[in-house]
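Everything below concerns the one structure shown next.
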Amino acid sequence: MNDPSRVVADRMAEAALVWLDSLDAEQRGLAAGPPPGAGDDAEAERTRWFYTPTDHGGITFYDQRPSQHRLLMRLLASGLSEAGYNTVATVMGLENILDRVEDFSINWGARERSRDPGMYYLRVFGEPGGPGPWGWRFGGHHISINMLVVDGRVASTTPCFMGADPAASPLLGGVRLRPLGAAEDLARELVRSLDRDLAAEAVLLPRPPIDVVAGNSAQVAEDRVVLRRELWRTGRFVPERPDQPNTGLYGEEREAVALSPKPKGVPGAALDAGQRELLRALLGTYLGRVPDGVSPLPRYDDPAALDEVHFAWAGSTAPGEPHYYRVHGPRLLIEWTNVNRGANHCHAVWRDPDADFGGDVLAAHLKAHHTP
């Protein structure tokens with residue numbers, strides 16, 4: 001039987017090669033990066049990621065022809081589940097809706113258009129399908145997909161960020177477009193199901209941070225403070241209050257939600273059967289972004305694994321009010337926030353605190369194959 005991880009890796013390699021072969025020399029100069037592990041500077045760039053509308057590094061849609069757009073999207077789809085791909089495509093399209101929400105008025109000077117579905121970047125690192133490690137990164141406003149392949153298998157799929165602004169918008173017939181709605185609704189149902197004692201343990205703070213605590217850090221670190229200016233590539237755009245913490249919290253409030261080696265909140269072991277089902281379903285809205293065989297979701301079919309997952313909340317539990325939650329356990333960090341634009345602008349990130357960007361597998365490979 002084929003290893004599902006190898007099947008996904010082969011599919012990504014084939015799609016990446018076809019796309020790269022469609023590029024001319026100038027385009028490849030933007031699109032192709034050094035292989036993973038090529039050196040400190042190269043690794044600093046490979047592990048530099050954003051979820052803001054800044055330069056993510058790579059080649060944009062505007063630098064390609066429509067026929068190449070199709071091949072780019074084929075590569076993106078090769079590393080995502082069907083639902084994950086559909087969600088990413090929807091988030092990209094939300095730039096058109098956000099432009100209208102802002103009355104087509106945002107102007108960042110150098111750009112012809114600020115809310116722009118064409119400002120998404122792709123870069124491939126290394127030789128797809130070759131003997132060495134390789135990977136790819138796709139990102140733009142509210143999207144960051146990071147893939148690494150080592151020894152022919154998918155070694156890492158994190159950080160994996162999706163967001164939505166607006167988080168909910170009206171469609172004809174009285175329905176609403178909510179690309180990440182299930183991730184909000186399941187978590188709220190879970191926190192509202194807790195009894196008084198468990199709720200006191202789960203709710204870290206009566207008001208939420210304004211952004212995910214780990215921000216766009218290359219590595220999840222205990223009590224790391226990410227500043228707003230770090231969310232943007234240097235020189236491209238300077239946000240208001242650039243030296244403010246990205247969470248907007250200080251002092252005791254910051255400490256209350258700070259990341260720590262011991263997860264905060266309520267452990268899965270303290271939940272009843274129905275609440276555990278909600279927690280498992282919530283995990284699926286994040287870990288289901290990537291294909292079966294690559295996703296770690298089956299790990300949580302083991303009751304002992306789910307026991308170690310902690311759920312924490314900050315802010316109001318009422319629908320439509322600003323809030324934040326976290327799901328934290330071994331090899332797992334999920335963060336969600338919906339605070340800005342009247343609690344209609346959400347961020348949702350899945351990370352592996354121990355091995356984002358496949359650092360552990362890559363280090364073992366390099367040691368085995370390149371030690372003198």
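Note that the structure is predicted; figures quoted are calculated from it, not measured. Because only heavy atoms are used, hydrogens play no part in the values below, and waters and symmetry mates are left out as well, while side chains stay in.
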Inset, instruction - Mark yes or no for whether R289, through its side chain, and C160, through its backbone, hold a donor-acceptor pair below 3.5 Å. - result: yes

Legend entry - Flag for E14-W19: side-chain donor and acceptor within less than 3.5 Å: no

Legend entry - Student check: side-chain heavy atoms of W350 and L287 closer than 4.5 Å: yes

Inset, instruction - Look at the side chain of T60 and the backbone N and O of M119, then say whether any donor-acceptor pair between them is shorter than 3.5 Å. - result: no

Legend entry - Short N-O contact, R280 and E277, less than 4.0 angstrom: no

Inset, instruction - Indicate, with yes or no, if V327 and L204 share a hydrophobic cluster defined by side-chain heavy-atom contacts under 4.5 Å among Ile, Leu, Val, Met, Phe, Trp and Tyr. - result: no

Legend entry - H141 and H56 side chains, donor-acceptor separation under 3.5 Å: no

Inset, instruction - Taking atom types as modelled, find out whether S105 and R115 have a side-chain donor-acceptor pair closer than 3.5 angstrom. - result: no

Legend entry - Expected output: side-chain H310 to main-chain E308 donor-acceptor under 3.5 Å: yes

Inset, instruction - Indicate whether any N or O donor in one side chain lies under 3.5 Å from an N or O acceptor in the other, for Y324 and R326. - result: yes

Inset, instruction - Using modelled atom types only, decide if a donor and an acceptor are shared between the side chain of E321 and the backbone of G315 within a distance under 3.5 Å. - result: no

Legend entry - Worked verdict on F161 versus I143 for side chain to side chain contact (heavy atoms under 4.5 Å, CB included): CA-CA 5 Å; F161 185 102; I143 295 294; over 6 Å; no

Legend entry - Atom CZ of R111: over 12 foreign heavy atoms under 6.0 Å: yes

Legend entry - Distance-minimising heavy-atom pair for V309 and A305: CG2-O, 3.6 Å

Legend entry - Exceeds 12 heavy-atom contacts within 6.0 angstrom, atom CG of D292: no

Legend entry - Shortest non-hydrogen separation from V266 to A270 and the atoms involved: CG1-CB, 4.0 Å

Inset, instruction - Identify the two heavy atoms, one from A13 and one from P128, that lie closest to each other, and give their separation to 0.1 Å. - result: O-CB, 3.8 Å

Inset, instruction - Could you please spell out the steps behind the side chain to side chain contact (heavy atoms under 4.5 Å, CB included) verdict for E335 and R351? - result: CA-CA 9 Å; E335 291 193 89; R351 303 194 64 167; 5.8 Å; no

Inset, instruction - Taking all non-hydrogen atoms of both residues into account, name the closest pair between W336 and A183 and its distance. - result: CZ3-CB, 3.8 Å

Inset, instruction - Inspect the surroundings of CG in D40 and state if more than 12 heavy atoms from other residues, nucleotides or ligands are less than 6.0 Å away. - result: no

Inset, instruction - Answer yes or no: is there a donor N or O on one side and an acceptor on the other, between the side chain of N246 and the main chain of V212, under 3.5 Å? - result: yes

Legend entry - Hydrophobic cluster membership, W136 vs W49, 4.5 Å side-chain cutoff: no

Legend entry - Salt bridge flag under 4.0 Å for residues E240 and R229: no

Inset, instruction - Identify whether L194 and L205 are in the same connected component of the hydrophobic contact network (ILVMFWY, side-chain heavy atoms under 4.5 Å). - result: no

Legend entry - Side-chain donor-acceptor contact under 3.5 Å, Q275 with S193: yes

Inset, instruction - Give the cluster check for F357 versus I145: same hydrophobic cluster or not, with ILVMFWY residues linked at side-chain heavy-atom distances below 4.5 Å. - result: no

Inset, instruction - Examine distances only and state if a side-chain atom of E102 and a backbone atom of D99 form a donor-acceptor pair shorter than 3.5 Å. - result: no

Inset, instruction - Can you see which heavy atom on Y120 is nearest to which on G140, and at what distance? - result: CD2-CA, 3.3 Å

Legend entry - T317 vs H323 side-chain heavy atoms within contact, under 4.5 Å: no

Legend entry - Crowding at CG, D302 (>12 non-hydrogen neighbours, <6.0 Å): yes

Legend entry - Intermediate values then yes/no, ring pair (Phe, Tyr, Trp, His ring centres under 6.0 Å), F61 and H69: CA-CA 6 Å; F61 283 90; H69 299 171; 5.1 Å; yes

Inset, instruction - Look at atom CZ of R341 and say whether more than 12 heavy atoms of other residues, nucleotides or ligands are closer to it than 6.0 Å. - result: yes

Inset, instruction - State, without any angle test, whether N146 and S144 hold a side-chain donor-acceptor pair at a distance under 3.5 Å. - result: yes

Inset, instruction - Compute whether any side-chain donor of one residue and acceptor of the other, for D211 and H347, lie under 3.5 angstrom apart. - result: yes

Inset, instruction - Determine, step by step, whether R188 and S316 satisfy the side chain to side chain donor-acceptor pair (under 3.5 Å) criterion, reporting the C-alpha distance in whole Å, the side-chain angles of both residues, the deciding distance to 0.1 Å, and the verdict. - result: CA-CA 10 Å; R188 179 177 291 108; S316 172; over 6 Å; no

Inset, instruction - Would you sort out whether L306 and L271 count as a side chain to side chain contact (heavy atoms under 4.5 Å, CB included), showing the intermediate values? - result: CA-CA 10 Å; L306 199 63; L271 303 179; over 6 Å; no

Legend entry - L98 with F50, same ILVMFWY side-chain cluster at under 4.5 Å: no

Legend entry - Side-chain donor/acceptor of R276 to backbone N/O of G268, under 3.5 Å: yes

Legend entry - Exam field: side chain S81 to backbone P291, donor-acceptor pair closer than 3.5 Å: no

Inset, instruction - Output yes when a side-chain donor or acceptor of N338 lies under 3.5 Å from a complementary backbone atom of N344, and no otherwise. - result: yes

Inset, instruction - Determine the minimum heavy-atom distance between V226 and A214, stating which atoms define it. - result: CG2-O, 3.5 Å

Inset, instruction - Using a strict 4.0 Å threshold on nitrogen-to-oxygen distance, state whether E45 and R137 make a salt bridge. - result: yes

Inset, instruction - Report yes or no: does Q244 contribute a side-chain atom to a donor-acceptor pair with the main-chain N or O of R228 at less than 3.5 Å? - result: no

Legend entry - Pair Q219-D356, side-chain donor/acceptor within less than 3.5 Å: no

Legend entry - Intermediate values then yes/no, side chain to side chain contact (heavy atoms under 4.5 Å, CB included), E201 and K264: CA-CA 8 Å; E201 188 175 356; K264 297 176 179 177; over 6 Å; no

Inset, instruction - Find out whether L332 and P330 are in side-chain contact, i.e. whether some heavy atom of one side chain is under 4.5 Å from a heavy atom of the other. - result: no

Inset, instruction - Check step by step if salt bridge (charged side-chain N to carboxylate O under 4.0 Å, His left out) holds for R224 and E230. - result: CA-CA 12 Å; R224 165 87 156 82; E230 297 178 64; 2.9 Å; yes

